[in-house]
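Inspection log for the structure reproduced underneath, given as structure tokens.
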Amino acid sequence: MSFEVVSAYTLLVGDADEPATVSVHTTAEEAWRALDREVRRRCGMRPRPRRRADAEAATRLANAWRAGDPEGRYWNVTVHRLPIPLPVIAREAVVAGR
């Protein structure tokens with residue numbers, strides 16, 4: 001059995017007033033966009049127009065939100081490298097008698 005490594009990104013956002021939100025994303029851009037969207041929702045801000053996600057802008061926004069209550073608010077984006085087993089479907093033919 002062979003293995004392929006895939007990446008997954010988890011987002012964790014929580015505070016003392018609301019339950020934590022945990023989500024899994026296939027790309028870093030999706031995870032940063034989800035962080036931006038979740039912080040905006042919790043702050044009552046309108047959603048950001050659809051454009052490319054900016055990790056630095058999402059980080060600044062999330063840090064500003066957390067600064068309002070640093071003891072009760074938290075967020076984290078983490079990358080995971082997952083080995084996925086792949087079955088061997090076909091093998092190379094062995095030429096006999098050479």
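Every value quoted in this text rests on a predicted model; they were computed, and no experiment measured them. Any value given below was found using the heavy atoms of this structure, including those in side chains, with hydrogens, waters and symmetry copies removed.
- Atom OH of Y9 sits about 7.5 Å away from atom OG1 of T27, to the nearest 0.5 Å.
- Electrostatic pairing of E30 and R33 does not count as a salt bridge here, judged by no charged N lying under 4.0 Å from a carboxylate O.
- With 3.5 Å as the limit, one finds no donor-acceptor pair spanning the side chains of T78 and H80.
- Between V13 and R42, the shortest heavy-atom contact is O-NH2, 3.4 Å.
- Side chains of T10 and L12 form no contact here, defined as non-hydrogen atoms less than 4.5 Å apart.
- Residues M45 and L35 share a single hydrophobic cluster, defined by chaining ILVMFWY side chains whose heavy atoms lie under 4.5 Å apart.
- Contact between D36 and A58 at its shortest, heavy atoms only, is CB-CB, 4.3 Å.
- When side chains are defined from C-beta on, W75 does not count as touching T21, because their heavy atoms never get closer than 4.5 Å.
- Hydrophobic clustering of Ile, Leu, Val, Met, Phe, Trp and Tyr side chains at less than 4.5 Å, counting indirect connections, keeps W32 apart from V22.
- The CZ atom of R60 lies 6.5 Å from the CD atom of E56; values are rounded to the nearest 0.5 Å.
- At least one donor-acceptor pair closer than 3.5 Å links the side chain of R73 to the backbone N or O of W65.
- Note that CD of E18 is 7.0 Å distant from CD of E38, once rounded to the nearest 0.5 Å.
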